[in-house]
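See below for the structure under consideration.
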Amino acid sequence: MGTVRCLRCVSCGAEYDPDRLDYTCPTCGPRRGTLEVLYDDAALRRILHRDSFAATGRLSMWRYEALLPIDSMRYVQPLRVGWTPLYAFPDLAHGMGLAALYVKDDGQNPTASYKDRASSLVVIKAQEKGRSIVTCASTGNAASSLAGFSAAAGLPAIIFVPERAPEAKVAQLLVYGAKVFSVQGSYDDAYDLAAEAAEAFGWYNRSAAMNPYLVEGKKTGAFEIAEQLAWQPPDVVFIGVGDGSVVSGLCKGFDEFARLGLIDRVPRVIGVQAEDSSPIAAAFSTYAGGRVEFEDTDAHTVADSICVGKPRDVVKAVTYVTRNGGSFVTVSDDEILDAIVALARATGVFAEPAGAASYAGLRKLARTGTLDGRTAAVVISGNGLKDATAARQRIGAPIRIAPRIEEIERHL
Ligand SMILES: *Cc1c(COP(=O)(O)O)cnc(C)c1O
Ligand SMILES: [Zn+2]
């Protein structure tokens, strides 16, 4: 188990006892006052080395138990979360001017998205804290993920989704047995309602950013990229960004590994936002140190999982990516849809729009030549079957034929 030293506010730096505070800094409020989980680094440095994780024998993110904030393995669900494949595509890399390209397929998690890393951990925290109901608001993946992991743990889940959430994701929630409220309004409306209900009814809230343990689960993707590449992480890592928690998690994971002396070099983390849903990229571009300034916007993109106009982890994302030396890039919906098809045809990995945003960002930067000779990884954060309707916009129809062999010849 990770020896948690405290929870620290990302804005004012106040430190809190994890047994006394569940969500955000009371002084800075839910938006600016998201918390980071800090560990006893000196103790961890003494006990951990590169072999420690493989020695657990676990082919899941729980191989990093020593760096995760749980009391014991008692509540860890049987579902295999994390330790997703990292594929190398050398020919594709060379075609783009890269020295190497790796694709981390997180669509292979139990509920088919990166969110499972966070949900697994937060459901365990709910049980350790003796909470009997979990809740969250989500555009889809966090919700279906929480529903799946609650089902595995035998805990009831109550989920709030905006009415425009894709059908496959809503079906997924209902299949897992969650009670689902489809909120007549935006994701932001659903988010606020879930927080209010959690407070009123005592449910444990997994909504993005407010729960400090989410980023802890999300940092394990960085651990895996480093370990799967034999402790030689790539120069750059691309990830789609909505609320900003996953990109923060990747930065934190690489930073922790570097501070533990497990890697010598930290990859630059590149957050990819959709053009008309890019308040974090905007905040990053004007950031000059000190207080993070940001502006909420309307958000529109085909990539529903990163369609966020009021990002909840913007302060953490901007400070972490700045400290990491990374940056943000924005891509159009056309570039995202093109990336889905290009990725699928070049690698066999089918991503949902938000999952392919990382690849769209890589393609965009690679075209400028700034990545020439570099090694890069893209995190595919969600499976394409979650939103096949989006991909349909870029593919033709099947060829309609009568069941006769001549009909085939006619079309070859
Ligand atoms: C949630 C999500 C993201 C972005 O994560 P944030 O923490 O909201 O920035 C990216 N891709 C997929 C598929 C997601 O579900
Ligand atoms: Zn604070």
Side-chain angles (χ1 to χ4, degrees), residues 7-16 21 23-36 104-107 109 111-119 136-146 165-166 169 172 187 191 206-212 214-215 217-219 221 238-252 269 271-274 277-281 291 299 301 303-318 320-321 328 336 340 351-361 378-387 390:
L7 304 176
R8 183 174 68 189
C9 173
V10 72
S11 284
C12 74
E15 297 188 351
Y16 298 97
L21 188 65
Y23 305 118
T24 52
C25 173
T27 314
C28 300
R31 203 59 191 293
R32 289 190 172 273
T34 55
L35 303 176
E36 26 188 18
K104 178 90 174 139
D105 186 10
D106 254 60
N109 277 306
T111 80
S113 85
Y114 198 94
K115 297 288 191 296
D116 285 350
R117 298 175 183 273
S119 298
C136 82
S138 161
T139 55
N141 283 336
S144 47
S145 173
L146 182 64
K169 294 180 182 178
Q172 215 182 350
Y187 167 57
Y191 189 97
R206 181 244 181 269
S207 293
M210 79 180 313
N211 191 310
L214 295 168
V215 167
K218 291 171 177 179
K219 74 187 181 185
F238 289 79
I239 178 69
V241 175
D243 274 302
S245 295
V246 177
V247 72
S248 300
L250 290 172
C251 291
K252 189 171 193 274
V269 176
V272 184
Q273 291 218 279
S277 175
S278 55
I280 299 186
R291 185 181 161 93
T301 168
D304 66 288
S305 303
I306 53 171
C307 187
V308 184
K310 189 177 172 186
R312 308 290 171 158
D313 237 348
V314 55
V315 174
K316 203 179 280 166
V318 169
Y320 279 20
V321 172
F328 285 86
I336 290 173
I340 293 176
E352 68 164 273
S358 55
Y359 190 58
V378 291
V379 178
I380 303 306
S381 46
N383 189 289
L385 293 175
K386 282 184 169 267
D387 189 6

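Indexing begins at 1, ligand by ligand and atom by atom, following the structure's order. None of the values given here were measured: they were computed from a predicted structure.
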Any atoms of ligand 1 less than 4.0 Å from a non-hydrogen atom of E352? List them with their elements.
-> 13 (C)
For the side-chain contact (heavy atoms from CB on, under 4.5 Å) test, which of S248, C9, S11 pairs with V315?
-> S11
Given side chains that start at C-beta, do those of Y320 and V247 come closer than 4.5 Å, heavy atoms only?
-> no
Close-contact set for ligand 1 against G240 heavy atoms, below 4.0 Å = 4 (C), 10 (C)
Check the side chains of D106 and S381 for a donor-acceptor pair under 3.5 angstrom, ignoring hydrogens and angles.
-> no
Output the distance between atom CZ (R8) and atom CD (E15), rounded to the nearest 0.5 Å.
-> 6.5 Å
Can you find an N/O atom of S381 closer than 3.5 Å to an N/O atom of ligand 1?
-> yes
Taking non-hydrogen atoms only, is S245 closer than 4.0 angstrom to ligand 1 via side chain, backbone, both or neither?
-> both
Backbone, side chain, both or neither: what part of D243 comes under 4.0 angstrom of ligand 1, heavy atoms only?
-> both
How many angstroms lie between atom NZ of K316 and atom SG of C251, to the nearest 0.5 angstrom?
-> 11.5 Å
for atom 3 (C) of ligand 1, nearest protein heavy atom and its distance come out as K115 NZ, 3.4 Å
At a 4.0 Å threshold, what atoms of ligand 1 neighbour a non-hydrogen atom of N141?
-> 13 (C), 14 (C), 15 (O)
Is there any N or O on G355 that sits under 3.5 Å from an N or O of ligand 1?
-> no
When distances are taken from atom 5 (O) of ligand 1, the protein heavy atom at minimum range is V246 CG2, 3.3 Å
Please walk me through it: do T34 and R312 pass side chain to side chain donor-acceptor pair (under 3.5 Å)?
-> CA-CA 8 Å; T34 55; R312 308 290 171 158; over 6 Å; no
Any N/O of V241 closer than 3.5 Å to an N/O of ligand 1?
-> no
Within-cut-off N or O pair, G244 and ligand 1, under 3.5 Å = yes
Under 4.0 Å from any heavy atom of G242, which atoms of ligand 1 are there?
-> 4 (C), 6 (P), 8 (O), 9 (O)
Below 4.0 Å from any atom of ligand 1, is there a heavy atom belonging to I306?
-> yes
S145 (side chain) donor-acceptor with T111 (main chain) under 3.5 angstrom | no
Any atoms of ligand 1 less than 4.0 Å from a non-hydrogen atom of G382? List them with their elements.
-> 13 (C)
G240 backbone acceptor or donor facing S358 side chain under 3.5 Å | no
Between D243 and Y191, is a side chain to side chain donor-acceptor pair (under 3.5 Å) present by the stated rule, with each step listed?
-> CA-CA 12 Å; D243 274 302; Y191 189 97; over 6 Å; no
